Each structure stands twice: as C-alpha cells, then as structure tokens.
Amino acid sequence: ASCLGQSECRKYDLLETQKDNCYDGLCANVVIFEGKEGSRIIFRPSGTEPKLKIYVECQVKKIDKTKIEETKVSISKELRRIKNTINQMI
C-alpha cells in the first residue's frame, strides 16, 4: 500500500493482540503507519479528552552543516507530503 508519500509502508495496529501486529513488543490503542524511509504517522486517542492525537515523525539522512537551508526545505517538503496523506486518510 502507498502511504506517507512513499510506495511502501507498514501499518501497525497495536490494539491487536497478535504478536505480528505489535510494535517492538508493545500493544496499545495506537495505530502506526511507518514508511520505508523512516517517516511515521502515529494515531492514538487522548486519555483525557474526546480527541484523536496525531504525531508525525520525519527522518532525513545525515545533515551536512553547510546545507542547513537545503535540509530545512527537504524536511518541509516531506512534512507537507505527510500532511497531505493524513488529510486523505481522515
């Protein structure tokens, strides 16, 4: 399946009790979509309010200090791609 703007991703539904669906041995009321490049979208309910919490993580390769601005642009593009993916999901 395509997600996170990438051709491949893996879905972890941590509410499932089957070992294959747990993430690093953890099971909880959480769903994680993890892209091949390390980007992740994490969905979980709030523990105190009737809200869905969404966490977004984006990884880039080693940062060359001489290319900080270029790296910021790259991260911004990746986060926009993830945001578009989330908007399509909800």
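Both backbone and side-chain heavy atoms feed into the values below; hydrogens, waters and symmetry mates do not. Everything quoted here is computed from the prediction, not taken from an experiment.
Under the side-chain contact (heavy atoms from CB on, under 4.5 Å) criterion, Glu49 pairs with Ser46, Lys51, sequence neighbours left out. Checked against salt bridge (charged side-chain N to carboxylate O under 4.0 Å, His left out), Glu70 has no partners two or more places apart in sequence or in another chain. With sequence neighbours left out, the salt bridge (charged side-chain N to carboxylate O under 4.0 Å, His left out) criterion links Lys72 to Glu69. For the side-chain contact (heavy atoms from CB on, under 4.5 Å) test, residues two or more places apart in sequence or in another chain that qualify with Val73 are Lys77.
Taking CZ from Arg10 and CD from Glu34, the interatomic distance works out to 8.5 Å, rounded to the nearest 0.5 Å. In this structure, the separation between CZ on Phe33 and CG on Asp13 is 8.5 Å, given to the nearest 0.5 Å.
Nearest heavy atom pair, residue Pro45 against residue Leu52, reads N-CD1, 4.3 Å.
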